[in-house]
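Naming: A, B, ... by sequence-line order, numbering from 1 per chain. All of these numbers come straight from a predicted model, not from anything done at the bench. No hydrogens, no waters, no symmetry mates; every other heavy atom, side chains included, goes into these values.
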2 protein chains.
Amino acid sequence: MRPSKRDELVRKALTVFYRDGFHATGMDTLVLETGISKTTMFKHFRTKEELILAVLRLRDENFRNWLMRRIADLSPSPAGQLIAVFDALGEWFAEPDFRGCMFIKAAGEYPEAGHPIHAQSAEHKRLLKKDLEAMARAAGATDPGLLARQLLILKEGAIVAAHMGFDPDPSQAAKSAAQALLAQALGAGAAG
Amino acid sequence: MRPSKRDELVRKALTVFYRDGFHATGMDTLVLETGISKTTMFKHFRTKEELILAVLRLRDENFRNWLMRRIADLSPSPAGQLIAVFDALGEWFAEPDFRGCMFIKAAGEYPEAGHPIHAQSAEHKRLLKKDLEAMARAAGATDPGLLARQLLILKEGAIVAAHMGFDPDPSQAAKSAAQALLAQALGAGAAG
DNA sequence: CTGTATATGAACTGATCTGTTCAGTTTGAT
DNA sequence: ATCAAACTGAACAGATCAGTTCATATACAG
């Protein structure tokens with residue numbers, strides 16, 4: 001348990017960056033909000049960017065683990081789990097501290113594709129797509145790649161809708177769309 | 001043509017904010033990139049926030065006008081136009097300066113729902129939803145509100161996918177999903 | 001030609017930004 | 001008890017932040 005201060009910093013910085021944004025959060029703010037000295041911060045991370053990258057790594061791990069475990073709890077079958085994704089999203093959206101997707105926000109604040117923060121955010125989405133595609137294949141979809149892409153697009157759209165508040169129940173709207181797409185992807189295979 | 005400098009400022013500031021982000025763009029950068037003096041800027045807008053709001057108003061007008069005209073050119077029927085939305089998106093994604101949705105980014109950088117910039121960004125999406133819902137109603141969808149919400153979620157997801165680059169052809173994936181949803185929304189009406 | 005509105009550059013405020021330096025303190029293992 | 005590693009606060013650097021001030025310049029209408 002040696003590097004506990006580092007983990008504590010990353011964990012607490014995550015909540016501040018998520019709440020206020022990356023550019024809007026200064027290192028002095030992090031000193032106040034984490035109670036960790038600036039000297040220690042810059043001993044563990046040479047730059048703010050490195051800290052952000054560590055935060056995003058933690059977020060990726062936390063989020064994907066949470067989602068996969070949640071949908072496994074909600075449904076035993078791969079097809080059911082693909083739909084349960086949107087029930088899990090609905091639970092997330094209802095949390096009082098929900099502020100949208102940290103990776104979408106990171107990619108927005110660092111908009112160049114080549115920027116490390118942007119690239120790492122995109123990687124999180126690619127990993128999600130791989131997870132969905134494996135489930136779509138296990139469910140017996142005719143084109144698991146396409147279904148995974150469509151469901152991922154629905155997921156990202158629902159998150160944006162929930163954060164910006166222009167849809168009264170984005171997870172439900174996305175879920176009904178996902179059901180139609182899944183039925184089509186399974187039905188076509190059975191019929192062909 | 002009296003307030004031409006003001007319009008010029010808003011137009012040029014839009015490209016810089018869109019390219020680099022809001023917090024990342026300082027007023028001195030705008031002086032360099034627009035060639036307009038800081039004194040003039042702060043005569044037209046009392047704060048940076050007011051300038052951003054004007055930029056977002058222009059962006060809303062430009063984008064919605066462009067989208068509606070483009071889909072009207074691509075298809076004569078409401079149902080065809082709902083699908084053409086995703087062809088139009090594909091053209092936008094292919095532009096070299098494409099950097100995602102300015103309103104999603106604005107809402108990300110100003111994450112509090114009550115913030116004027118966040119609220120105005122959300123309003124843009126609500127106006128888009130109204131446009132889509134009118135088209136869905138004209139197309140004869142059983143539940144025009146639901147179809148509009150689903151298509152809007154697909155649109156936002158496709159934009160995120162295009163910006164973050166985790167889908168090889170997001171507009172096509174979203175379009176095929178939209179076709180399935182539209183067919184369901186029209187078919188159910190004909191069958192019932 | 002004159003008066004008014006608009007635009008300009010440059011300097012300035014005071015705060016905040018990322019990152020550094022340094023001298024001293026806490027911590028934990030041996 | 002000792003020693004090294006980790007942590008601390010505070011001051012500092014130099015740049016940049018939003019926004020102001022002021023004296024001057026340009027444009028245009030009567």
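Of the residues in residues 13-36 of chain B, those lying under 4.0 Å from DNA chain D by heavy-atom distance are B/T25, B/G26, B/M27.
Regarding A/M41, its CE atom lies at a distance of 12 Å from the P atom of C/dC17, rounded to whole Å. Nucleotide C/dC22 holds its C1' atom 16 Å from the CZ atom of A/F42, rounded to whole Å. Whole-Å rounding puts the A/F45 CZ to C/dG19 P distance at 13 Å.
Within 6.0 Å of atom CZ in B/R69, 12 or fewer heavy atoms from other residues, nucleotides or ligands are found, so the atom counts as exposed in its surroundings.
Checking C/dG9, D/dA18, C/dT21 against the side-chain heavy atoms of A/T39 singles out C/dT21 as nearest. If you check D/dG19, C/dT18, D/dC7 against the side chain of A/S37, the one that comes closest is D/dC7. Among the nucleotides D/dA18, C/dG9, C/dT18, the one closest to the side chain of A/K48 is C/dT18.
Ring planes of A/H115 and A/Y110: tilted class, angle from 30 to 60°.
Separation of atoms CZ (A/R126) and CG (B/D167) is listed at 11.0 Å; rounding is to 0.5 Å.
A sub-4.0 Å separation between OP1 or OP2 of C/dA7 and a side-chain N or O of B/H44 is present. Close to D/dC7, at under 4.0 Å from its OP1 or OP2, lies no side-chain N or O of A/K5. A close approach under 4.0 Å does occur between a side-chain nitrogen or oxygen of A/T40 and OP1 or OP2 of D/dT8.
With hydrogens and angles disregarded, a donor-acceptor distance shorter than 3.5 Å links the side chain of B/Y18 to the backbone of B/G100.
Evaluation of the ring-ring contact (aromatic ring centres under 6.0 Å, His included) test over residues 123-152 of chain B, restricted to residues two or more places apart or in two chains, returns B/F63-B/H124, B/F103-B/H124.
With DNA chain D read from its 5' end, the first of the two nearest nucleotides for A/K38 and A/K43 is the one closest to A/K43.
Put simply, the side chain of A/F17 does not reach to within 4.5 Å of the side chain of A/T29, judged on heavy atoms.
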